[in-house]
Protein chains: 2
Amino acid sequence: MSRPRVFLVDDHELIRSGIRAEIADHVDLVGDADEVDVAVQMILERQPDVVLLDVHMPGGGGLEVLRRVTPACPQVRFLALSVSDAASDVIGVIRAGARGYVTKNILGPDLLDAIVRVHEGDAVFSPRLAGFVLDAFGTGTALPPGFGVDHELDQLTPRERQVLRLIARGYIYRDVAHELSLSVKTVESHVSSVLRKLQLSNRHQLSNWASERHLL
Amino acid sequence: MSRPRVFLVDDHELIRSGIRAEIADHVDLVGDADEVDVAVQMILERQPDVVLLDVHMPGGGGLEVLRRVTPACPQVRFLALSVSDAASDVIGVIRAGARGYVTKNILGPDLLDAIVRVHEGDAVFSPRLAGFVLDAFGTGTALPPGFGVDHELDQLTPRERQVLRLIARGYIYRDVAHELSLSVKTVESHVSSVLRKLQLSNRHQLSNWASERHLL
DNA sequence: CGCACCATCGGGGGAAACCCTGGTGTCGTC
DNA sequence: GACGACACCAGGGTTTCCCCCGATGGTGCG
């Protein structure tokens with residue numbers, strides 16, 4: 001596995017430069033940002049392998065970044081970085097799709113290790129967090145591949161899920177409508193709702209989203 | 001395509017060692033097992049590309065292995081291996097998700113070929129089975145995903161394959177054009193050719209087609 | 001009852017995708 | 001040189017997609 005391309009999001013310049021100094025020799029730092037909008041924009045452009053993400057930031061915090069990037073770029077992995085070890089913070093970002101969570105008292109080499117492991121697909125937690133994270137999701141072993149958690153799928157109504165499945169298979173609206181005995185306009189409505197709820201922008205992303213979660 | 005990582009499940013040590021001898025020089029044998037529980041456990045751990053699976057085994061048989069592994073690891077492909085050529089056995093494992101079925105009188109080189117082809121996404125059946133497998137599923141074309149064999153991909157010109165890859169990733173025509181320094185009209189041309197050659201009707205089906213063959 | 005949510009359907013508009021026809025030029029082969 | 005395969009581009013038309021707005025019922029809840 002080659003050097004991970006890492007993007008850094010934190011609102012404190014001091015912290016950013018500290019982290020840079022710790023990890024710059026072993027990863028490719030492809031950029032950093034100190035606010036949500038800029039971060040989202042740059043991450044989408046530069047497609048890093050791993051985003052180091054401060055959880056507490058003005059403008060929605062790391063959660064907002066996660067929510068806006070993940071639907072469009074699910075292959076970008078997030079490692080949350082926070083001074084807090086509050087359960088709600090941890091659970092929040094994990095549900096939003098982060099692949100790990102470490103506190104800022106982590107040591108440089110350990111941070112590096114965490115980045116590498118997230119890059120390779122592992123989920124990484126500070127030891128004292130690991131326990132209750134696993135508790136929160138039931139058994140630990142059920143978690144791993146693809147932490148994503150179907151929090152998002154839960155938001156959909158039954159009808160929307162039904163439409164989603166057909167759309168994801170490549171049906172055009174007309175055929176979905178015929179299959180479900182609906183009008184095309186109704187199908188459009190449902191698809192719009194699904195796209196809005198999953199924060200996707202078109203049905204191509206929807207197909208990918210569905211196939212990544214094996215919903216076929 | 002690199003050497004497939006193969007796992008072997010059969011309750012007869014003799015058969016296992018025979019198969020090992022036949023194929024060990026050309027694939028990476030990452031393990032074997034002689035009972036269902038152990039097999040499931042090890043397959044989940046080692047994530048082979050292809051599992052050679054005996055259909056008749058104590059403890060539920062190969063079917064049970066399929067049923068327990070596939071939901072967690074859909075990317076693991078199964079090639080069923082059996083002394084039986086009974087229709088019910090064949091249909092059963094195919095429905096459970098196996099990508100192929102060969103009888104044990106298969107010759108070493110043919111077995112090797114079958115493994116490689118399953119690894120590459122093809123579906124493989126002993127010649128005398130192919131007939132009624134097709135019957136059982138209606139028309140041949142209803143069989144896939146992954147049956148039609150990649151004669152289809154061979155039909156495409158290099159440029160068409162290049163366009164295909166980008167389209168399958170969800171690029172819109174304009175972006176494909178920009179990426180390849182073409183006009184949108186040229187991209188349309190190529191896509192049209194691809195759709196016609198693959199007998200698909202829109203780019204969404206194309207995305208699915210590509211992702212089933214993991215061409216990303 | 002009011003209210004929120006869901007499912008259904010519609011209009012209109014702009015962008016994108018799809019389809020067909022046809023044109024150019026290059027290359028290799030017969 | 002003629003022919004075919006391929007890559008490239010264009011015009012013009014139809015369909016599909018996506019988004020905005022709106023409307024009607026049904027259902028469940030405080």
Side-chain angles (χ1 to χ4, degrees), chain A residues 40 44 67-74 150-212 215-216, chain B residues 150-212 215-216:
Chain A
V40 171
L44 291 176
R67 276 197 276 259
R68 284 162 61 185
V69 172
T70 304
C73 297
D150 279 351
H151 171 247
E152 294 172 302
L153 196 55
D154 295 344
Q155 298 172 353
L156 302 182
T157 67
R159 200 54 156 173
E160 284 166 352
R161 277 193 281 268
Q162 206 172 4
V163 172
L164 162 59
R165 261 190 292 277
L166 295 175
I167 290 297
R169 282 190 210 167
Y171 282 45
I172 65 176
Y173 288 179
R174 175 170 45 77
D175 292 343
V176 176
H178 182 259
E179 183 77 19
L180 301 179
S181 302
L182 294 176
S183 88
V184 172
K185 277 298 187 181
T186 306
V187 175
E188 286 187 30
S189 271
H190 290 311
V191 172
S192 277
S193 303
V194 171
L195 292 179
R196 186 172 33 76
K197 287 180 179 176
L198 301 182
Q199 300 188 269
L200 303 176
S201 60
N202 61 47
R203 56 166 295 168
H204 315 310
Q205 292 176 4
L206 192 57
S207 289
N208 294 342
W209 185 92
S211 85
E212 272 159 18
L215 294 168
L216 307 179
Chain B
D150 280 354
H151 296 15
E152 294 177 302
L153 194 56
D154 295 344
Q155 298 172 353
L156 303 183
T157 69
R159 200 54 156 173
E160 285 167 352
R161 279 193 280 266
Q162 205 171 6
V163 172
L164 161 60
R165 262 190 292 277
L166 295 174
I167 290 297
R169 284 191 207 164
Y171 281 43
I172 64 175
Y173 288 179
R174 177 164 44 74
D175 292 344
V176 175
H178 183 259
E179 184 78 21
L180 301 179
S181 302
L182 294 177
S183 89
V184 173
K185 279 298 187 179
T186 305
V187 176
E188 283 188 35
S189 265
H190 290 312
V191 172
S192 277
S193 304
V194 172
L195 291 178
R196 184 170 33 76
K197 288 180 180 176
L198 301 183
Q199 298 187 278
L200 302 175
S201 62
N202 62 47
R203 52 165 299 166
H204 316 305
Q205 293 176 3
L206 191 57
S207 291
N208 294 344
W209 186 91
S211 86
E212 274 161 13
L215 296 168
L216 310 177

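In what follows, every chain begins at residue 1, and chains take the letters A, B, ... in the order their sequences are listed. Predicted model only: the values in this text are computed from it and were never measured.
A straight line from CZ of A:R161 to P of C:dC6 spans 11 Å, rounded to a whole angstrom. Protein atom CD of A:Q205 is 14 Å distant from nucleotide atom P of C:dA16, rounded to whole Å. Rounded to an integer number of Å, the gap from B:L198 CG to C:dC18 P is 13 Å. Look at CZ on A:R196: it is 11 Å from C1' on D:dC19, rounded to the nearest Å. The interatomic distance linking B:L200 (CG) with C:dC18 (P) rounds to 11 Å, in whole Å. The interatomic distance linking B:H204 (NE2) with D:dT15 (P) rounds to 16 Å, in whole Å. What separates NE2 of A:H178 from P of C:dT8 is a distance of 16 Å, to the nearest Å. A:I172 has its CD1 atom 11 Å from the P atom of D:dT15, to the nearest Å.
Taking NE2 of A:H190 as the reference point, atom CG of A:L180 lies at 8.5 Å (rounded to 0.5 Å). A distance of 8.0 Å separates CZ of B:R203 from CD1 of B:I172, quoted to the nearest 0.5 Å.
For the segment residues 181-194 of chain B, residues with any heavy atom less than 4.0 angstrom from an atom of DNA chain D are, sorted by number, B:L182, B:S183, B:K185, B:T186, B:S189, B:H190.
Nearest nucleotide to the side chain of A:L195, out of C:dA16, D:dA7, D:dC19: D:dC19.
Within the 4.5 Å cutoff, the side chain of B:T157 has heavy atoms near those of the B:K197 side chain. Within the 4.5 Å cutoff, side-chain heavy atoms of B:I167 are placed close to those of B:V191. Side-chain contact between A:E160 and A:L164: absent, with no pair of heavy atoms (C-beta onward) separated by less than 4.5 Å.
Side-chain nitrogen and oxygen atoms of B:Y173 include none within less than 4.0 Å of the OP1 or OP2 phosphate oxygen of C:dA15. Regarding contacts with the backbone of D:dC6, every side-chain N or O of B:R159 stays at 4.0 angstrom or more from both OP1 and OP2. For A:R174, no side-chain nitrogen or oxygen approaches OP1 or OP2 of D:dT15 to under 4.0 Å. Contact annotation: A:R203 side-chain N/O to D:dC18 OP1/OP2 distance is not under 4.0 Å.
The backbone N or O of A:Q205 sits less than 3.5 Å from a side-chain atom of A:N202, completing a donor-acceptor pair.
Between B:A210 and B:A168, the shortest heavy-atom contact is CB-CB, 3.5 Å.
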